Amino acid sequence: MKPIVTALIALVALSGAAVAQVATPLVSVEWAVANIGKPGIVFLDVRGELAGASKEDYKRGHIPGAIWTNYLKDGWRNQDGNGTIAQLPNVAVLETLIGDLGIANEDHVVIVPAGGAAIDVGTATRVYWTFKVLGHDAVSILNGGMKAYTAEVDAGTKAPLNPIEQGEVKRDPEIFSAELRQDMLLTKADVTKAWSAGGVMIDNRPYAQYLGITKHGKAKRSGTIPGARNLPEDWLTENGGVLKDKAGIEKLYKLAGVPTSGNQINFCNTGHWASLGWFASHEILGNKDAKLYDGSMVEWTADPALSVQSAIAQQ
């Protein structure tokens, strides 16, 4: 191999490593504005149905250069071989999805949610978790999403002061290669083992589902994993889609009786709400022993051998 080619390969590798080192879990609007158009920075707009938005909203105005993906329909989650909905797809499927969006291994991906409510922030944290599972550490979330980005407006025209681009951006396809972190993926057997050993189980669903008053349409039974502690995902944001800071989240964990360190498993119905709980614990509090149970209550309740605790059933 020619020396100049070797040097270029080394330079690319080093630049990619540098991006990964500086990628923080959350970036601010100011950071986003300062990094528009910079090589290696890819804004991934994930506004969609869960936020009451669509691709048309993206086309009407987005961060310059941002690409758009449909979280619910493009293949970020699918039904697994056991019939559990909204699960992490095969690695090859995700590699193709991400590569076709024009994202390469060297890119720093900045995920942009709508920022209007915790549920759409969950879209961002779920996609973020997916990148991490695939071994891609150069990923961040724009804190507050497009709501925060467009909050500051011209006094006269009411137009956003930060740069806005209309239309659709298409990047050339890239080769994206994953390095799967198998330790981040929990099977039902893994969760059962941890639960049987007295592990901390965190239910990030709404309180009514935790009690068993209501349930997901695909769950076979109502209630929660026995002994689980409830920390609803919408506790973790403020003003709709801004993640609470570390001190604020620590107070919530104390209120919910959830430790801020040590082995713990976040779950919900299908791993969406739980991704926000995982993000708060793993990325903001820095608890690297926190994990996400993708199958959650839809998978758990489908197994009649596994216990479910329901406050309503016990009345």
Side-chain angles (χ1 to χ4, degrees), residues 76-95 122 125-137 139 178-205 209-210 212 215-216 218-233 253 256-310:
W76 291 100
R77 305 201 292 168
N78 65 13
Q79 183 169 299
D80 67 13
N82 296 317
T84 306
I85 63 168
Q87 299 300 283
L88 189 78
N90 179 277
V91 170
V93 171
L94 290 169
E95 287 177 325
T125 55
R126 174 67 192 210
V127 173
Y128 179 101
W129 175 80
T130 299
F131 273 104
K132 288 286 187 176
V133 169
L134 298 177
H136 190 84
D137 288 326
V139 59
E179 293 185 10
L180 184 67
R181 289 185 168 121
Q182 191 66 49
D183 64 307
M184 290 183 67
L185 300 176
L186 298 179
T187 65
K188 182 174 61 176
D190 294 329
V191 178
T192 302
K193 181 178 180 181
W195 168 65
S196 299
V200 177
M201 311 297 289
I202 307 171
D203 189 336
N204 293 122
R205 297 176 303 159
Q209 290 193 15
Y210 171 74
K215 71 177 184 66
H216 189 282
K218 294 292 184 179
K220 300 299 183 183
R221 292 170 284 163
S222 61
T224 190
I225 296 176
R229 304 169 195 187
N230 187 221
L231 203 167
E233 47 94 36
Y253 273 53
V258 177
T260 56
S261 62
N263 294 320
Q264 54 188 230
I265 296 174
N266 293 88
F267 69 94
C268 54
N269 288 306
T270 61
H272 178 92
W273 287 330
S275 71
L276 185 48
W278 170 86
F279 186 90
S281 185
H282 195 277
E283 300 297 272
I284 297 180
L285 298 183
N287 180 14
K288 300 310 177 185
D289 292 320
K291 294 188 177 182
L292 184 154
Y293 173 29
D294 198 9
S296 288
M297 291 307 291
V298 169
E299 180 180 63
W300 186 272
T301 60
D303 187 342
L306 295 176
S307 300
V308 172
Q309 175 183 311
S310 174

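Hydrogens, waters and symmetry mates are skipped; everything else that's a heavy atom, side chains included, is used. Everything numeric here is computed off the predicted structure, so don't read it as measured data.
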With a 4.5 Å cut-off on side-chain heavy atoms, are [Y] and [X] touching?
{"X": "Leu285", "Y": "Tyr253", "result": "yes"}
{"X": "Asn287", "Y": "His282", "result": "no"}
{"X": "Lys215", "Y": "Thr301", "result": "no"}
{"X": "Phe267", "Y": "Asp203", "result": "yes"}
{"X": "Val133", "Y": "Leu180", "result": "yes"}
{"X": "Ser281", "Y": "Gln264", "result": "yes"}
{"X": "Trp76", "Y": "Val127", "result": "yes"}
{"X": "Leu306", "Y": "Lys188", "result": "yes"}

What pair of heavy atoms forms the shortest contact from [X] to [Y], and how long is it?
{"X": "Trp300", "Y": "Thr192", "answer": "CZ3-OG1, 3.8 Å"}
{"X": "His136", "Y": "Val139", "answer": "O-CG1, 3.7 Å"}
{"X": "Met201", "Y": "Ile225", "answer": "CE-CD1, 3.9 Å"}
{"X": "Pro226", "Y": "Ser307", "answer": "CD-O, 3.3 Å"}
{"X": "Cys268", "Y": "Ser296", "answer": "N-OG, 2.9 Å"}
{"X": "Ala274", "Y": "Asn204", "answer": "CA-OD1, 3.5 Å"}

Hey, could you give me the [atom1]/[atom2] distance between [X] and [Y], rounded to the nearest 0.5 Å?
{"X": "Asn263", "Y": "Asp289", "atom1": "CG", "atom2": "CG", "result": "4.5 Å"}
{"X": "Ile265", "Y": "Asp190", "atom1": "CD1", "atom2": "CG", "result": "8.0 Å"}
{"X": "Arg229", "Y": "Tyr210", "atom1": "CZ", "atom2": "OH", "result": "9.0 Å"}
{"X": "Thr270", "Y": "Met297", "atom1": "OG1", "atom2": "CE", "result": "12.5 Å"}

Pair Lys132 + Asp137, salt bridge at N-O below 4.0 Å: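 Looking at Lys132 and Asp137, the cut-off is met.
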
Charged N-O contact under 4.0 Å between Glu299 and Lys220: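 No salt bridge links Glu299 with Lys220.
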
Expected output: side-chain [X] to main-chain [Y] donor-acceptor under 3.5 Å:
{"X": "Glu95", "Y": "Val93", "result": "no"}
{"X": "Ser275", "Y": "His272", "result": "yes"}
{"X": "Asp80", "Y": "Leu88", "result": "no"}
{"X": "Lys291", "Y": "Asp183", "result": "yes"}
{"X": "Arg126", "Y": "Gly271", "result": "yes"}
{"X": "Asp303", "Y": "Ala305", "result": "yes"}

Worked check of side chain to side chain contact (heavy atoms under 4.5 Å, CB included) between Thr224 and Asn230: CA-CA 9 Å; Thr224 190; Asn230 187 221; over 6 Å; no

From CA spacing to verdict: side chain to side chain contact (heavy atoms under 4.5 Å, CB included), Trp195, Tyr293: CA-CA 12 Å; Trp195 168 65; Tyr293 173 29; over 6 Å; no

Derivation of the side chain to side chain contact (heavy atoms under 4.5 Å, CB included) call for Asp294 and Met184: CA-CA 10 Å; Asp294 198 9; Met184 290 183 67; over 6 Å; no

Geometric class of the Tyr128/Phe279 ring pair [parallel <30°, tilted 30-60°, perpendicular >60°]: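 Perpendicular: the ring planes of Phe279 and Tyr128 meet at over 60°.
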
Intermediate values then yes/no, side chain to side chain contact (heavy atoms under 4.5 Å, CB included), Gln209 and Asn269: CA-CA 9 Å; Gln209 290 193 15; Asn269 288 306; 2.8 Å; yes

